[in-house]
Amino acid sequence: MIKDTKNPPIDRIDGRMKVTGGAKYFADFELPNMAYSVIVGSEIAKGKITSLDTKKAQSAPGVLGVFTHQNMPPIPGWDAPVGGEADGPTPKPKTEETYRILSSPKILFDGQPIAIVVADSFERATYAASLIKATYGKQAARTDLQKHVAESVSPEGADGGNYLRGKADAYQTAPVTLEANYSIPIEVHNPMELHGILAHWTGADTLMIYAKTQGVNATQNAMAQAFRIDPKNIHVHTEFMGGGFGMGLRTWPQETAVVAIARKIGRPLKLVMSRSQMFTLVGHRPYTVQTINLGANTDGKLIGIAHAATAETASYEDFTEATVNMTKFMYACPNVSTRYRLVRLDRSVPIWMRGPGEATGAFALESAMDEMAHKLNLDPIEFRLRNYTETDPEHNRPYSSKHLKEAYQKGAEAIGWNNRKLQPGSQREGEWLLGYGMSTGVFNAFRWEASARALLKADGTLTVQSAVTDIGPGTGTALTIIAHNVLGIPVDRIKVEYGDTSLPKAPTQGGSAIVSAVGSAVHDACTAIKQTLIELASKEGGPLSGRQADELLLTDGVLLVEKEPGKKVAVRELMQMNNLTVIDKTKDSKGSPELAAYSMYSFSVHFVQVRVNPLTGVVRVAKAVSVADSGRIVSPKTAASQMIGGVTGGIGMALTEEAVIDHRFGRFANNTLADYHVAVHADVPAIETIFIDKPDPVINPMGAKGMGEIALIGFAGAVANAVFNATGQRVRDLPITPDKVMQKLI
Ligand code: MOS
């Protein structure tokens with residue numbers, strides 16, 4: 001374990017750069033002789049291109065090429081399944097259809113690229129793209145999940161979605177039963193930064209890429225596969241990212257196409273997609289319908305749970321996520337069954353989004369728990385406590401740490417849960433109905449493999465390096481603090497370099513896993529430096545000769561003997577004595593096999609107070625308290641910011657976010673930021689964040705479990721539960737818009 005020094009609540013290390021324009025995002029890079037590409041999308045959702053007139057575009061000013069299925073340069077690795085997506089949990093290849101960008105006149109989804117226009121400026125490429133005329137042989141498109149639920153299939157390897165413990169139908173025999181159906185719409189990540197790539201072939205087989213990716217090593221591998229070249233010859237840079245939320249967890253076909261076209265035209269080529277293209281070409285949270293069955297005794301003990309989820313995917317690829325997983329281990333219950341299915345529609349493929357499937361599943365399970373508590377006439381926290389489990393009932397093993405009871409209690413105090421009335425619709429504030437709701441969230445705490453390098457220089461400064469991209473959660477800040485906690489070097493003398501494949505290999509930024517993975521590697525590299533310093537000082541003839549390592553403390557650039565004030569040596573001096581200009585350590589870090597004896601999860605509890613206007617149906621989140629049991633909090637300020645960000649996303653999921661398809665055409669009706677409503681300042685109250693901040697004794701040397709996803713998982717359920725408490729009306733279909741509340745109140 002590291003010394004339990006107080007984590008300094010430092011500011012975000014890149015905050016100033018981000019707000020002053022110093023941070024360079026992929027689209028900020030300009031290269032000599034660079035060309036610009038613009039995608040032309042299909043106007044139908046299913047069918048075939050019957051004619052494609054590119055003549056006008058080709059002769060428009062500044063145009064360098066128009067690429068369609070008739071002249072797209074080959075992508076050699078695409079003989080392999082599905083475009084060489086990279087490491088991590090990769091979408092599974094599928095059989096019925098194959099999608100290879102610009103490889104055939106077949107149209108599989110609305111907005112599918114039918115041409116990529118390249119010109120010497122973005123404006124000229126955009127103009128030329130507008131001149132392309134296509135005609136289509138149109139077929140009826142199946143885009144409505146609700147209509148096609150009966151056509152669902154069981155995907156292969158669906159994250160263990162089909163599960164049984166005890167008897168599948170035990171809930172039916174319970175004295176108190178509940179069956180409820182929940183649905184969530186398509187949601188789109190909508191980060192501020194537009195998606196795209198800048199590709200530069202620096203030699204015949206060497207490539208420089210500036211991309212919007214959550215994993216530079218993953219993009220490197222994907223391109224190496226696609227172009228059949230050695231990953232070592234591919235350099236990927238993504239130091240900053242203007243929000244990912246999951247869309248950058250894979251390499252998308254249009255990115256690979258841009259790389260291929262850049263090679264063909266012999267110039268660096270940039271693609272910056274439009275906002276509306278980001279609704280179809282970089283994934284979304286899939287439309288999902290769920291049924292929950294609960295059976296309980298009258299004393300509030302659960303007898304059986306069944307959870308079935310059906311989600312949309314594309315015709316050409318199965319995307320699966322862990323929608324039903326929480327149900328398997330969250331509550332003590334002898335009989336649990338889950339089922340997970342997909343419906344293959346004429347739509348573009350989904351991807352993980354913000355707390356991904358777990359957030360979708362938590363909305364259903366935690367709404368149902370609230371409904372059951374109401375049936376049992378129990379306080380929703382009391383109902384959860386009666387079914388609390390200290391060990392993981394799915395795997396029959398202990399949790400590495402679980403302080404959820406404390407989280408319930410702290411959150412309840414902070415929101416003023418005592419003011420909640422068991423009887424719904426019984427509190428008013430002026431013309432508004434007032435209600436309280438809560439929900440639990442949970443997400444895996446991972447310990448992935450990662451590498452990091454630490455360099456201590458003779459001037460007392462430290463540089464820490466890792467390829468990991470900081471997509472916004474404050475990874476660089478957390479790594480700085482971890483290095484500080486090991487070496488005692490002041491944070492302003494520590495520099496973190498990240499987001500580049502020239503640095504030690506790191507996993508993709510996602511799954512709330514990076515402080516655990518890369519943080520451990522930084523911890524180990526810094527520990528190796530510390531050991532070297534201690535050896536140099538304590539060896540025979542050294543300034544602290546004969547001392548044991550555990551007597552020595554490193555702080556503020558000085559190695560000293562604890563309890564003996566006079567005995568010390570400055571790190572700088574020590575390095576000089578030994579003629580060292582730098583101590584340079586690289587460490588690979590992964591969890592020990594003992595981790596397998598534990599279930600590792602981060603937990604959260606969300607509490608909200610809502611006001612509901614009975615005349616207009618408007619729901620306002622008046623107060624939000626989110627409590628995280630995510631182990632030791634390494635960086636208190638950025639952790640709190642991340643929680644606020646997650647809750648903001650949760651408010652959007654609960655109340656405003658929905659990508660609407662006009663099923664007559666299979667097209668989006670609101671694919672702009674004006675019409676797709678992410679939560680804005682006026683929707684977001686002051687959010688109180690509380691951290692249990694108890695180190696996990698197992699997962700990694702920091703005791704930090706990770707906390708990105710749990711900031712959002714469960715939040716929408718807490719809002720739905722609060723709306724019920726305020727009005728007595730249950731909305732099971734997100735988002736909870738005024739029309740749905742009105743219908744219920746009328
Ligand atoms: Mo996240 S959905 O792991 O980017």
Side-chain angles (χ1 to χ4, degrees), residues 9-12 15 18-19 192 243 245 354-355 359 366 380-381 406-421 427-441 472-474 477 603-613 616 618-630 633 635-657 677-693 707-726 735-736 738:
I10 67 166
D11 292 340
R12 187 179 290 272
K18 283 185 167 174
V19 298
M192 272 164 57
F245 309 126
R354 300 185 204 146
E366 290 293 290
I381 300 176
E406 191 178 335
Y408 285 139
Q409 184 210 328
K410 289 211 157 125
E413 266 167 38
I415 197 84
W417 190 252
N418 284 340
N419 298 323
R420 178 183 186 271
K421 304 271 182 281
Q427 277 196 86
R428 271 185 186 265
E429 203 177 80
E431 67 174 16
W432 296 79
L433 294 163
L434 197 69
Y436 293 83
M438 56 79 59
S439 162
T440 319
T477 311
F603 299 91
S604 62
V605 190
H606 301 286
F607 286 89
V608 296
Q609 184 200 57
V610 298
R611 293 201 183 95
V612 183
N613 191 306
T616 62
V618 165
V619 176
R620 307 290 303 167
V621 175
K623 209 170 151 187
V625 176
S626 289
V627 192
D629 164 23
S630 51
I633 297 302
S635 171
K637 274 190 150 179
T638 56
S641 290
Q642 205 179 2
M643 201 81 180
I644 291 166
V647 167
T648 304
I651 292 173
M653 184 177 182
L655 298 179
T656 62
E657 291 191 50
H677 296 151
V678 296
V680 297
H681 277 92
D683 300 311
V684 181
I687 297 159
E688 188 177 346
T689 60
I690 298 174
F691 297 105
I692 301 297
D693 199 15
M707 56 145 305
E709 321 291 329
I710 54 160
L712 183 138
I713 295 170
F715 193 87
V719 175
N721 297 341
V723 169
F724 176 79
N725 183 245
I736 306 169

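Atoms considered below: every heavy atom in the structure, side chains included; atoms not considered: hydrogens, waters and symmetry mates. Because the structure is predicted, anything quoted here is derived from the model rather than measured.
Residues forming a side-chain hydrogen bond (donor to acceptor under 3.5 Å, both in side chains) with T477 (at least two apart in sequence, or on another chain): none. Legend: residues meeting salt bridge (charged side-chain N to carboxylate O under 4.0 Å, His left out) with K623, ordered by chain and number and at least two apart, are absent. For S630, there are no side-chain hydrogen bond (donor to acceptor under 3.5 Å, both in side chains) partners at least two apart in sequence or on another chain. Contacts of K421 classified as side chain to side chain contact (heavy atoms under 4.5 Å, CB included), with partners at least two apart in sequence or in another chain: S426, Q427. For E429, the salt bridge (charged side-chain N to carboxylate O under 4.0 Å, His left out) criterion is met by R611, not counting sequence neighbours. Considering only residues two or more places apart in sequence or on other chains, E657 meets the salt bridge (charged side-chain N to carboxylate O under 4.0 Å, His left out) condition with R354. Judged as a salt bridge (charged side-chain N to carboxylate O under 4.0 Å, His left out), and not counting sequence neighbours, R420 has no contacts. Remark: W417 pairs with D379 by the side-chain hydrogen bond (donor to acceptor under 3.5 Å, both in side chains) rule, at least two apart or across chains. Every side chain to side chain contact (heavy atoms under 4.5 Å, CB included) that T656 has, sequence neighbours left out, goes to H677.
Judged by distance alone, the side chain of H606 and the main-chain N or O of G411 form no donor-acceptor pair under 3.5 Å.
Screening residues 407-418 for salt bridge (Lys or Arg N to Asp or Glu O under 4.0 Å) gives E406-K410 as the qualifying pairs, with residues at least two apart or on separate chains. Screening residues 641-655 for salt bridge (Lys or Arg N to Asp or Glu O under 4.0 Å), with sequence neighbours left out, gives no hits. The side chain to side chain donor-acceptor pair (under 3.5 Å) pairs that include a residue from residues 707-726 are S512-E709, N721-R730, where partners are two or more places apart or lie in different chains.
Nearest heavy atom pair, residue A407 against residue V605, reads CB-CG2, 3.7 Å. Closest of all the heavy-atom pairs between A624 and P685 is N-CG, 4.3 Å.
V621 places a side-chain heavy atom less than 4.5 Å from the side chain of L655. Side chains of F715 and V608 form a contact here, defined as non-hydrogen atoms less than 4.5 Å apart.
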